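This is a predicted model, so every value here is computed, not measured. Convention: sequence-line order gives letters A, B, ...; per-chain numbering from 1. Hydrogens, waters and symmetry mates play no part in the numbers below; they use all other heavy atoms, side chains included.
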Amino acid sequence: MHGLVNRSIQSFLRDTYGEELWLRIAHDARLGFENFEAMLGYDDALTEAVLASAAKLLERPHEALLEDLGTYLVSHPNLEPIRRLLRFGGVSFVDFLHSLDDLAERGHLAVPDLELPQFELYPITGTQFLLRCTAPSAGYAHVMVGVLRAMADDYGALALLDYAGIDHGAETITIELLEPSFAAGRPFRLASGAV
Amino acid sequence: MAENAASSVAQPPKAVFEVPAEGLDRLMPMYLWLSPEGVVRGVGPTLRKVLREEPRGRPLRELFQLRRPRDLNWQGDVLQLAGARLHLQLVSPPFTGFRGLATVLAGRQGLLINMSFGIGVAESVRVHDLTDADFAPTDLTVEMLYLGEAKSAVMQELHALNRRLQLAKATAEEQALTDTLTGLSNRRAMDQAIDRLIGQETDFGLAHLDLDFFKQVNDSLGHAAGDHVLKRVARVLLDETRNGDFVSRVGGDEFVLIFPGLTNLEALGSIAKRIIARLNQPIDYRGQPCRISASIGMTASTLYPNPRADRMLSDADQALYRSKSQGRGRATPHYGPEQRMDGPERRKPPSAQAYSKKT
């Protein structure tokens with residue numbers, strides 16, 4: 001698994017639950033080191049071990065943990081660059097949803113060896129969507145539910161999001177847009193450094 | 001006949017488009033429409049935003065300066081601009097630069113120029129506070145901005161990684177006990193070895209060796225030859241010492257040898273002579289003989305009531321300098337505390353600094 005993914009998980013656990021807990025998780029997962037490097041690659045088994053020992057120590061279901069990770073990625077001030085990169089997807093939440101089809105390619109553009117899941121958005125009605133997520137390992141869709149929740153907030157949209165299980169080999173998420181501009185949302189300017 | 005058929009194929013009906021202004025606004029939001037006389041007749045919404053003042057009715061040259069092509073005199077006739085790769089710049093602050101391409105419109109309607117920001121796009125977007133909606137959906141400008149930010153974020157991570165690796169490397173070097181060139185122990189390891197022996201109250205002899213004429217080898221044959229010589233010297237030193245002896249390279253061409261249990265200065269002297277004899281033999285470097293020798297100063301822990309590393313190293317260093325001043329290629333023992341005060345070639349009182357400064 002790419003270091004960026006592992007590093008994100010580490011940052012989430014450390015920033016949310018504290019350094020001490022992270023060190024315990026790293027120890028229980030038998031990493032043999034205390035910090036993932038964002039720009040190095042790691043064995044997939046390490047990622048799974050970290051998530052398993054975190055779920056056990058925190059006594060939280062795996063899925064809930066992944067969802068929190070998704071929310072963290074978008075909303076924590078330390079990771080503002082990620083929010084900005086996602087906001088490049090479009091001027092409205094619906095635009096953003098449609099841009100998810102390009103997410104894997106955009107990821108490649110930025111970091112050529114980063115393998116993100118392939119997303120496909122299917123409009124059901126004007127306000128209902130189905131998002132299919134095809135990934136080499138399961139769990140990304142739970143992270144995505146968290147990401148989408150936070151992004152809806154970011155755009156000021158009110159949306160209902162649910163993990164809808166596996167269908168024909170892809171994890172699915174249902175999205176219902178209740179109010180496209182419910183709140184003001186957070187500002188976004190194309191130019192970096194100008195808020 | 002064949003010619004006729006070919007020419008009828010090569011001449012499709014000439015297309016003349018009529019595009020409503022709103023359509024043009026969407027297709028190329030940075031267009032500029034000029035009259036044949038060079039007066040602005042129309043402007044796309046994004047370019048309008050960038051220009052800040054109403055450009056319509058004003059001549060092009062009051063708004064823009066033509067940077068390239070430099071050889072084009074367009075003051076009289078703007079239609080000359082058609083077809084060329086244009087580099088234009090605002091004549092007033094913030095002097096934004098543009099790329100452009102112009103085409104002559106049918107029916108003497110003048111000139112249509114389509115513009116873009118070119119390479120300075122990130123700065124232009126910031127200065128003019130542009131948004132997604134200011135660019136045509138076919139324009140990859142937003143992707144370019146995205147890529148710029150993604151690249152910066154990745155670079156930041158890489159810089160951080162490099163800093164951590166550099167720090168780790170420095171720490172590792174600091175903790176290293178080996179001289180990477182020769183594989184001998186380094187100064188750190190030597191300091192630790194002496195401290196260990198003194199701590200265990202094990203007596204030992206100590207020789208400080210400095211190569212003679214090494215600089216000449218380096219200067220005349222280059223550093224690669226110098227490195228070759230140093231490796232060879234290291235091998236000789238290991239050959240001529242016992243297994244439990246301690247050989248370290250403590251500076252460029254300086255070595256310290258420690259002989260646990262061997263304190264007889266005469267015995268040390270004969271080892272030193274053997275070493276010098278072997279180092280006097282030319283060392284071959286790619287067919288070139290490198291001629292060096294060595295000067296050695298010796299001392300032994302038994303000469304001191306309370307042996308101390310800095311004192312012993314300093315005394316060996318003094319003895320080494322007597323070897324040098326007496327003509328190099330020889331070994332000189334330190335004769336104990338009383339001699340050093342009244343010897344004829346007495347030098348400044350020794351100090352640990354004198355030793356470390358030299359290396």
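Heavy-atom distances place the backbone of B/L130, and not its side chain, under 4.5 Å from chain A. Only the side chain of A/V111 comes within less than 4.5 Å of a heavy atom of chain B; its backbone N, CA, C and O stay farther away.
Around CD of A/E80, the count of heavy atoms belonging to other residues, nucleotides or ligands within 6.0 Å exceeds 12. Open room surrounds NE2 on A/H27; 12 or fewer heavy atoms of other groups in view lie less than 6.0 Å from it. More than 12 heavy atoms of other residues, nucleotides or ligands shown are found within 6.0 angstrom of CD on A/E179. Dense packing is recorded around CZ of B/R188, with more than 12 heavy atoms of other residues, nucleotides or ligands lying under 6.0 Å away. More than 12 heavy-atom neighbours from other residues, nucleotides or ligands sit within 6.0 angstrom of CZ on B/R58.
Applying the side-chain hydrogen bond (donor to acceptor under 3.5 Å, both in side chains) test to pairs two or more places apart or on separate chains, those with a residue in residues 146-166 of chain A are A/E67-A/R149, A/R83-A/D154, A/R87-A/D154, A/D154-A/R186, A/Y163-A/E171.
Residues A/R7 and B/E157 are not paired through a salt bridge, judged by the lack of any N-O separation under 4.0 Å between the basic side chain and the carboxylate.
With rounding to the nearest 0.5 Å, the separation of CG in B/L145 from CZ in A/R84 is 9.0 Å. Rounding to the nearest 0.5 Å places CD of A/E37 at 4.5 Å from CG of B/L161. To the nearest 0.5 Å, the span separating CG on B/L147 from CG on A/L85 amounts to 9.5 Å.
Comparing B/E123, B/E149, B/E143 by heavy-atom pairs within less than 4.5 Å of chain A, the highest count is held by B/E149.
In terms of heavy atoms, B/Y146 sits closest to A/G107 at OH-N, 3.9 Å.
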